[in-house]
Amino acid sequence: MKRKMPPAVTILLAMLLGILIGYVVFLNFPDKKAASEIAGYISIMSDIFLRLIKMLIAPLVFSTLVVGIAHMGDASAVGRVFGKALGWFVTASLISLVLGLVMANLLEPGKNLGLPLPDIGASAGLATSKFTLKDFVSHLVPKSFAEAMANNEILQIVVFSMFFGVAMAALGDKAKVLVTAIDELSYVMLKITGYVMKLAPLAVLAAMAATVSVNGLEILLKFAVFMGDFYLGLFLLWGVLILAGFAFLGPRVFKLLVLIKEAFLLSFATASSEAAYPKILDALDRFGVKRKISSFVMPMGYSFNLDGSMMYCTFATLFIAQAYDIHLPLSTQITMLLILMMTSKGMAGVPRASLVVIAATLNQFHIPEAGLLLILGVDTFLDMGRSATNAVGNSIATAVVAKWEGELLPEEAADMNARAMDAAAVRVVSQ
């Protein structure tokens with residue numbers, strides 16, 4: 001029987017081919033406007049793929065989360081898992097922010113930049129409304145479930161689903177039919193997800209080609225120091241996350257990393273954590289995490305556990321301050337870190353969320369917002385690393401919470417479950 005190419009290899013080849021196609025377009029169409037127009041057509045495939053993923057996220061999160069909570073049995077179990085997950089997320093976010101702060105102070109990527117600085121009065125054109133705790137808490141609760149679904153407000157969907165799942169669990173046998181129906185809905189959504197994921201290599205190719213068509217590869221050379229320093233910070237953050245996973249999961253954490261490699265590459269190439277969500281759920285199933293845990297912790301992680309984005313917030317803010325030769329004392333930096341800890345929560349789903357958070361922070365500390373214009377050109381390349389890091393962080397967090405709850409299958413049972421999933425997939429394809 002002919003061996004199929006592993007999906008991760010297919011995505012990697014698509015990335016390389018996309019870079020090649022994009023560079024050919026960049027060389028043949030030096031006019032930025034013409035290149036942008038061509039890139040717009042090239043990116044149609046990646047835009048459609050991301051829209052399809054967004055179309056699936058809300059019903060997938062609702063159906064899997066409601067069934068997971070209903071199977072937990074009672075509200076105390078839900079509260080316990082919520083508390084453990086939130087504790088991990090807050091700790092991981094704090095470590096990410098501190099690491100970004102330390103790396104920016106040690107490496108000083110903004111000093112002696114050698115690039116013309118944007119005029120201080122220039123605007124980056126990003127909304128920077130002041131954050132208040134009242135707004136954050138109010139935003140947690142949906143005014144309408146339909147509106148939350150329509151706007152893909154993951155956090156609001158999680159809140160409604162928690163109430164819905166706990167109520168079904170409390171009703172017991174009375175809600176049995178409804179639990180079964182929503183469980184079937186989750187399988188239908190996962191089936192549709194399988195169809196959509198077949199487009200992933202094409203989407204990756206289009207995303208990379210469109211990005212390189214407009215920016216070329218020369219822009220990476222201009223910002224080589226800044227990007228190199230940031231990715232060095234990301235490597236260190238991956239090391240910290242893996243070390244934390246090793247502390248709780250032992251050597252088995254490396255198996256998890258192998259299982260999520262496709263999701264990692266997908267989120268990196270599309271610069272979207274959402275694109276990897278279905279693949280991470282599948283990888284966690286194969287790792288042995290019970291769905292009632294993964295379907296609860298993962299959506300929470302998409303709002304509260306954006307490790308790569310956290311690190312970028314402190315790193316980029318200090319980079320801009322250094323570029324304009326603005327000295328920030330340690331006390332101010334710590335205040336900034338604590339503010340970022342709060343303002344960054346619940347920002348998932350906001351376009352270029354990290355930039356919006358950074359813009360608001362720059363205003364608050366009287367650092368020129370124009371500095372964002374320095375990094376806008378390479379933000380897509382940086383967003384790739386941020387998104388991939390978010391995928392790694394959420395995968396490890398979910399596996400650790402499952403271990404804490406005793407809901408992680410032993411390795412042998414997980415392997416058997418993975419083989420059963422593969423066999424079921426083969427049967428479906430052959431039918």
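FYI, side chains are in, hydrogens and waters are out, and symmetry mates aren't considered; it's all heavy atoms of this structure.
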- For K290, side chain to side chain donor-acceptor pair (under 3.5 Å) partners two or more places apart: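 With sequence neighbours excluded, K290 shows a side chain to side chain donor-acceptor pair (under 3.5 Å) to E407, given in chain and number order.
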- Task: List in chain and number order the residues that pass side chain to side chain donor-acceptor pair (under 3.5 Å) with N394, two or more places apart in sequence or in another chain; answer none if no residue qualifies.
- Result: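 Partners of N394 by the side chain to side chain donor-acceptor pair (under 3.5 Å) criterion, ordered by chain and then number, come out as N305.
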- Message: Filter on salt bridge (Lys or Arg N to Asp or Glu O under 4.0 Å), then keep only pairs touching residues 19-44, sequence neighbours left out; what's left?
- Response: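 Residue pairs with at least one partner in residues 19-44: there are none.
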Contacts under 3.5 angstrom, residues 255-269 side chains, donor-acceptor by atom type, not counting sequence neighbours:
residue: K255; atom: NZ; partner: D415; partner atom: OD1; Å: 2.3
residue: K255; atom: NZ; partner: D415; partner atom: OD2; Å: 3.4
residue: K261; atom: NZ; partner: V258; partner atom: O; Å: 3.3
residue: E262; atom: OE2; partner: K279; partner atom: NZ; Å: 3.2
residue: S267; atom: OG; partner: A263; partner atom: O; Å: 3.0
residue: S267; atom: OG; partner: F264; partner atom: O; Å: 2.9

For [X], check salt bridge (charged side-chain N to carboxylate O under 4.0 Å, His left out) against everything at least two apart and list the hits.
| X | answer |
| --- | --- |
| E147 | none |
| R291 | D285 |
| D282 | R286 |
| K84 | E405 |

- Message: Would you compute the distance between atom CD of E412 and atom CG of L409 and round it to the nearest 0.5 angstrom?
- Response: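 Atom-to-atom, E412:CD and L409:CG are 10.5 Å apart.
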- Spatial distance of atom CD1 (I358) from atom OG1 (T317) [nearest 0.5 Å]: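 Reported to 0.5 Å precision, the distance equals 5.0 Å.
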- Item | With L382 via side-chain contact (heavy atoms from CB on, under 4.5 Å) - residues at least two apart |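 Checked L382 against side-chain contact (heavy atoms from CB on, under 4.5 Å); matches are F226, M227, F230, Y231, Y312, V378, R386.
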Which atom pairs, donor and acceptor, lie under 3.5 Å between side-chain atoms of residues 206-213 and protein residues at least two apart or in another chain?
residue: T211; atom: OG1; partner: A207; partner atom: O; Å: 2.9
residue: S213; atom: OG; partner: A209; partner atom: O; Å: 2.6

- Can you say whether the rings of F145 and F160 are parallel (under 30°), tilted (30 to 60°) or perpendicular (over 60°)?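 Geometry flag for F160 against F145: parallel rings.
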- Message: For F365, I'd like to know if atom CZ has over 12 heavy atoms of other residues, nucleotides or ligands within 6.0 Å.
- Response: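 Buried by this count: over 12 neighbours within 6.0 Å.
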- Other residues, nucleotides, ligands: >12 heavy atoms within 6.0 Å of M55 CE: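 Correct, the count exceeds 12.
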- Would you mind reporting whether M298 and I293 have side-chain heavy atoms less than 4.5 Å apart?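 In short, these two side chains do not touch, never coming nearer than 4.5 Å.
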Compile the donor-acceptor pairs under 3.5 Å between side chains in residues 331-339 and protein atoms, sequence neighbours left out, one pair per line.
residue: Q333; atom: OE1; partner: N105; partner atom: ND2; Å: 2.7
residue: Q333; atom: NE2; partner: N105; partner atom: OD1; Å: 3.4
residue: Q333; atom: NE2; partner: L328; partner atom: O; Å: 2.9
residue: T335; atom: OG1; partner: S331; partner atom: O; Å: 2.9

Distance-only check: which donor-acceptor pairs under 3.5 Å involve side-chain atoms of residues 60-67, not counting sequence neighbours?
residue: S63; atom: OG; partner: P59; partner atom: O; Å: 2.8
residue: S63; atom: OG; partner: L60; partner atom: O; Å: 3.3
residue: T64; atom: OG1; partner: L60; partner atom: O; Å: 2.6
residue: T64; atom: OG1; partner: V61; partner atom: O; Å: 3.4

